[in-house]
Amino acid sequence: MLNGREKNGDLNIDWKEYALGANHFKRKTVGFGKYDKKEREYQKELYIREMSIIQGGIGCAIWDAAIILSRWIYAHPEAFTNKSVLELGSGVGLPGILSSYYANDVTLTDYLEPLIDNLKYNVDLNARQGLDIDSDQEDEETISNLIKSDPQNIKNKIKIQYLNWDDIEKLENTQQYDIIFGSELTYSLLSVDNLIKVIQKFLKPNGIFYEILSDDRDGVSYFVEEMNKKGFIGHIVPVPAQYLGNYGTKQRAETYKFYTFRFNNNEINNHPNLEN
């Protein structure tokens, strides 16, 4: 158990749906913006491979909260322009990968090696989509060279790193980020303290932390209380209706809120709140 991170409470998930067995995967298309009925596609589409819960734990699939956060990111690309981004608990990487189309650089993190490998796969899968070639017919060397030659290709903007919150005291990495975000990170009382240490270590003094949480999760009130004690200013609002519904998952409907935190200091902080 990693600081209680395996203690999830009732996540309202049909676990049988994700009991694929080891080395079995499903690929999903997640769309953003308007849907073109003629072309049968959305303005923006990401391709995500989900994996077995046996290998990936609760990070094995796309959850509703990640879709909601991704919709906000898509609606606010300017919030990420020229920014450095750290995603915590990336899982299959949907919000983090989407943010890389707008940010300067993005670091995706998680604590299980199968998730790290799957994140690499999903980044590569989407990096190939913008190439002006048929990637099914080109050799891997040609594809790799095309990607490397384009500094704006998301594969050149994304780093994928192992991050165990239990080891936060031992980490020597001193890079700090403009934006840190995650979905459903605060689902256990036992994970809160180390999560806050991670935020304190990696967030710039004028940075911003975003999270989306269900009201049903353990540890939410304790997380807010402790963030306030640690010198953060919080902004908490119900998720606006335009980001809700039509998730394409089998989770039970839940009530979500957006959480925004910034340091209570004298630094100028122009980051928008996570809201409309």
Side-chain angles (χ1 to χ4, degrees), residues 8-14 17-18 28-48 50 58-59 61-81 83 85 87-103 106 179-187 208-221 223-224 227-228 232-262 269-276:
N8 307 318
D10 181 10
L11 296 183
N12 303 314
I13 294 167
D14 180 2
E17 172 71 12
Y18 299 100
K28 286 187 176 180
T29 301
V30 184
F32 302 93
K34 293 182 179 179
Y35 182 73
D36 188 320
K37 293 182 179 179
K38 183 178 179 181
E39 299 295 331
R40 301 178 66 181
E41 63 183 15
Y42 289 90
Q43 286 179 306
K44 182 72 175 177
E45 293 184 339
L46 292 190
Y47 307 94
I48 299 294
E50 297 181 321
I58 61 171
I62 303 170
W63 306 124
D64 295 352
I67 294 174
I68 295 169
L69 180 59
S70 297
R71 289 172 178 172
W72 186 88
I73 292 170
Y74 180 77
H76 297 84
E78 72 287 346
F80 297 86
T81 303
K83 299 296 191 293
V85 176
E87 182 179 30
L88 301 176
S90 295
V92 293
L94 178 64
I97 293 173
L98 180 61
S99 72
S100 70
Y101 288 93
Y102 318 118
V106 176
I179 300 171
I180 300 177
F181 65 64
S183 55
E184 302 275 40
L185 301 174
T186 314
Y187 54 76
I208 200 83
F209 173 72
Y210 297 134
E211 185 174 6
I212 176 173
L213 280 167
S214 165
D215 289 346
D216 294 337
R217 301 294 175 259
D218 293 336
V220 175
S221 59
F223 173 69
V224 173
M227 287 291 278
N228 290 334
F232 288 89
I233 299 173
H235 181 79
I236 305 167
V237 296
V239 173
Q242 67 262 34
Y243 303 119
L244 299 173
N246 300 316
Y247 308 119
T249 69
K250 294 189 177 182
Q251 279 188 257
R252 189 181 70 189
E254 299 186 63
T255 302
Y256 293 96
K257 287 189 176 71
F258 280 152
Y259 292 76
T260 303
F261 287 95
R262 64 192 81 215
N269 193 314
N270 295 320
H271 297 281
N273 289 323
L274 194 59
E275 49 187 4
N276 293 328

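FYI, the numbering just counts along the sequence from 1.
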Once rounded to the nearest 0.5 Å, what's the spacing between atom [atom1] of [X] and atom [atom2] of [Y]?
X    : Y    : atom1 : atom2 : value
H235 : Y259 : NE2   : OH    : 12.0 Å
Y243 : L274 : OH    : CG    : 8.5 Å
T260 : H271 : OG1   : NE2   : 11.0 Å
L46  : S70  : CG    : OG    : 7.5 Å

Examine the side chains of [X] and [Y] and answer whether a donor and an acceptor come within less than 3.5 Å of each other.
X    : Y    : result
D64  : T249 : yes
T81  : E78  : no
E211 : T186 : yes

Check your understanding: Centroid-to-centroid, F181 to Y210, below 6.0 Å?
Key -> no
Exercise for review: Answer yes if the ring centres of Y35 and Y42 are under 6.0 angstrom apart, and no otherwise.
Suggested key: yes
Check your understanding: Does any non-hydrogen side-chain atom of I212 lie less than 4.5 Å from one of K257?
Key -> no
Point to revise | Side-chain heavy atoms of Y247 within contact of I68, under 4.5 Å | key: yes
Point to revise | Quiz item: cation-pi between K28 and Y47, 6.0 Å / 45° | key: no
Exercise for review: State whether E254 and R217 are salt-bridged, where the test is any N-O pair (Lys NZ or Arg NE/NH1/NH2 against Asp/Glu carboxylate O) under 4.0 Å.
Suggested key: yes
Review point. Which of parallel (below 30°), tilted (30 to 60°) and perpendicular (above 60°) describes F261 and F209?
Key: tilted
